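A quick write-up on the structure given underneath.
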Amino acid sequence: MMEKAKYPVINQKSSGETIKPANLLINNHILSASLKKRHLSSHVQKLQIPPPGAFCSAPDSSISSPSRSPMRAFGQEQVLNAGLWTGKPYSDIALLGSGHCSSPGSGHNSGHNSVGGDMSGQLFWPHSRCSPECSPIPSPRMTSPGPSSRIHSGAVTPLHPRAGGGVSESPSSRPDDVKQQSHRLPLPPLTISNTCPFSPSYSTATSPSVPRSPGRVENPTSPGSRWKKGRLLGRGTFGHVYLGFNSESGEMCAMKEVTLFSDDAKSKESAQQLGQEIALLSRLRHPNIVRYYGSETLDDKLYIYLEYVSGGSIYKILQDYGQLGESAIRSYTQQILSGLEYLHAKNTVHRDIKGANILVDPSGRVKLADFGMAKHITGQSCPLSFKGSPYWMAPEVIKNSNGCNLAVDIWSLGCTVIEMATTKPPWSQYEGVPAMFKIGNSKELPAIPDHLSDEGKDFVRKCLQRNPLHRPTAAQLLEHPFVGNAAPLERPILSAEPSETKPTLTVAMRILGMGLARTVSGFDLEGVPNFQSRGLKTGSASDAHTPRNVSCPVSPIGSPLLHPRSPQHTSGWVSPSPISSPHTASGSSTPITGGSGAIPFHHPMPPSTYLHEGIGVAPRSQNSFHSSSSNLYQDPDLFRGMSQASHVFREIISSDRSALANQFGRPGPGDLREFYDGQPVLADDESQQLSKDHGKSNLPLDLNPGLPMLGRTNRI
Ligand SMILES: Nc1ncnc2c1ncn2[C@@H]1O[C@H](COP(=O)(O)OP(=O)(O)OP(=O)(O)O)[C@@H](O)[C@H]1O
């Protein structure tokens, strides 16, 4: 049963505007915004509100999805009210006119207001939040006997209608503790470096869907991985993210755990989006993009293994320490741009660039994360999907005009710079809907913090041009003095070992995510583009192997950033006092008091009311994480006997890839085909060429369970 969209009148006190959301334009469809079919307020002429279909795919039970996208979970009335309840800071929207209800986030849970399709989360800016990023064990529902105790996923996973109740899942359980599904996992094509305690299995040659686990490498017949689920790192739309530890190798990873339910339409949508994210991420190799290690299904759970970035998100950093200094902003921005340049060269738009989706490692390395909304663009623009986080959302997305251009990331980047400088995104003084008016319908530009340098202000202005055609590309922005003068990251470990070529990457390189494109043939083979597209840039991630950066010392206290004005001078350290650096002791979103970046905010309701924790508990989730796994892409036969949920996910992935492979031919070695977002992507030149062919590459995923399998083993 689907939610009926209701569009109540919303009094936006902060803006003084009374919104009568009605007849809202979404994907060129005029929608009746209320059951009474109120007419569109003059204030909301082009505001996009998801059509009923966008919401209506959500069953009437908001707890029925394993990955409760607010968009999918709520009718609009619920959505709007939910904002009052959740008090989420800023949220995501994934309002898809197509009804493709992929949603970016759970906002509250992930600590970054990811309220996919949820108008609520964007409505208010709370004073504080209970982010799991701030607390590893944040949920009162989590049964955690002690700090060293494993997290019981059942405790953090609200009940699914099918759930039978209590779940006892020991994340540290071994394979023999559980009902195993003895599916032999294929080995990744890798070379093991015996001198390295860390398997280089996630080198460029790694099969994208094989979790790197030295245990498995050493014992090919070992059923299942050796990852033990540790503490909760965060929560997102699709589930929970845990720290994973391999007690054999000592490696850590981030494990995204998602529960799949085959009989749930929303689960299929979730699976679809996750499949897209996996397929996309598996083909990305860049030091400023979080590395995908692999994925596997265990009964009705999907685990996605990602590079662990221990510093958390920029959002968390801002919450914990307050606004960033300009040198850090420059460095982070430069790195974000480097990742975006790489991504955009692949005609892929992230669509959810914001502080919460950018992770930082202890050395100041920035990693783009959360590619759940990323999309490959097959032409000048892709079909409109109303996705993103409203405060970071480009005007054209809100106005439904060329809404899926690479330039939307540039706008969001500008917003992120403001966020880094002030702890809040632009227009955060407005509640969600008025903020969207401001972004989409006014000609105003966000206030640019006074305390930014002229270069910084100019950079932001260039990003925040309303006409996307006027925005510079990521590559162009990398030439801007604001980031051109960014401090390079230090390279603390690189000098300890000689440079190695693929596949025996040094630990240091891997840890640092060094840009080895010019020295590691595998990177080139995998189609990593654009490292050569511009000259050496100071601190460019893609130039991370630049010798001048190699031997810089590590200072865990001082900033790893060099003085921006002395980009090539290794003595130009900026070592802020750890005492003086936090802008806010509490980590709450205290308004910035200086500069024009000061933005008040609302906190209408306690943030303790969570509406987005409706992650279902599967009765079978008692099965240990260490039960044998199935590699999603290696061999569809591996899914035999697995849960229906896994089957559905497999089908989605396989169908997608098979269809693509059928159309474009199966990729062979060195054939840089990529499959994601329902579209095949040929890396680099091929991609560019292919992108001209709209017809061929516009292959949306078909979630119809009856979609025939095309009988291919879809290996990427
Ligand atoms: N690779 C990682 N390393 C460390 N922490 C991570 C990593 N990936 C995710 N996290 C933590 O988990 C949280 C949720 O992860 P993520 O945002 O990827 O989930 P999601 O379901 O995709 O989120 P969203 O709701 O935005 O779509 C993040 O906010 C972050 O705190």
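When a residue number appears, it is its place in the shown sequence, counting from 1. If you're wondering where the values come from, they're calculated on a predicted model, not measured in any experiment. Just so you know, ligand 1 is whichever comes first in the structure, and atom 1 is the first atom listed for that ligand.
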*asked:* Parallel, tilted or perpendicular, judged at 30° and 60°: which one describes the rings of His350 and Phe371?
replied: perpendicular
*asked:* Please check: side-chain N/O of Lys367 versus main-chain N/O of Pro287, any donor-acceptor pairing under 3.5 Å?
replied: yes
*Would Lys256 count as a contact of ligand 1 if the rule is a heavy atom under 4.0 Å away?*
yes
*Decide, yes or no, whether a salt bridge links Glu307 with Arg365 under the criterion of side-chain N to carboxylate O below 4.0 Å.*
no
*Which of the ligand 1 atoms, numbered from 1, are nearer than 4.0 Å to a heavy atom of Arg235*: 13 (C), 14 (C)
*asked:* I'd like to know if the side chain of Ser331 pairs up with that of Gln335 as donor and acceptor (distance under 3.5 Å, no hydrogens or angles considered).
replied: yes
*Could you see which bit of Leu359 sits under 4.0 Å from ligand 1, with heavy atoms only: side chain, backbone, both or neither?*
side chain
_Can you name the atoms of ligand 1, numbered from 1 with element, that are less than 4.0 Å from a heavy atom of Gly234?_
12 (O), 13 (C)
_Option with minimal heavy-atom separation from atom 23 (O) of ligand 1, where the choices are Leu306, Val309, Asp370_ = Asp370
_Atoms in ligand 1 with a heavy atom of Tyr308 nearer than 4.0 Å_ = 3 (N), 4 (C)
*Could you list which atoms of ligand 1 come closer than 4.0 Å to a heavy atom of Leu233?*
4 (C), 5 (N), 31 (O)
*Can you find a side-chain donor-acceptor pair between Lys354 and Thr416 that sits under 3.5 Å?*
no
_Residue part near ligand 1, for Val290, under 4.0 Å between non-hydrogen atoms_ = side chain
_For Glu307, which part has a heavy atom under 4.0 Å from ligand 1: side chain, backbone, both, or neither?_
backbone
*Which atoms from ligand 1 have a heavy atom of Ala254 less than 4.0 Å away?*
1 (N), 2 (C), 3 (N), 7 (C)
*Counting only N and O atoms by type, is there a donor-acceptor contact under 3.5 Å from the side chain of Asn357 to the main-chain atoms of Asp352?*
yes
*Backbone N or O of Gly322 within a donor-acceptor pair of the Thr423 side chain at under 3.5 Å?*
no
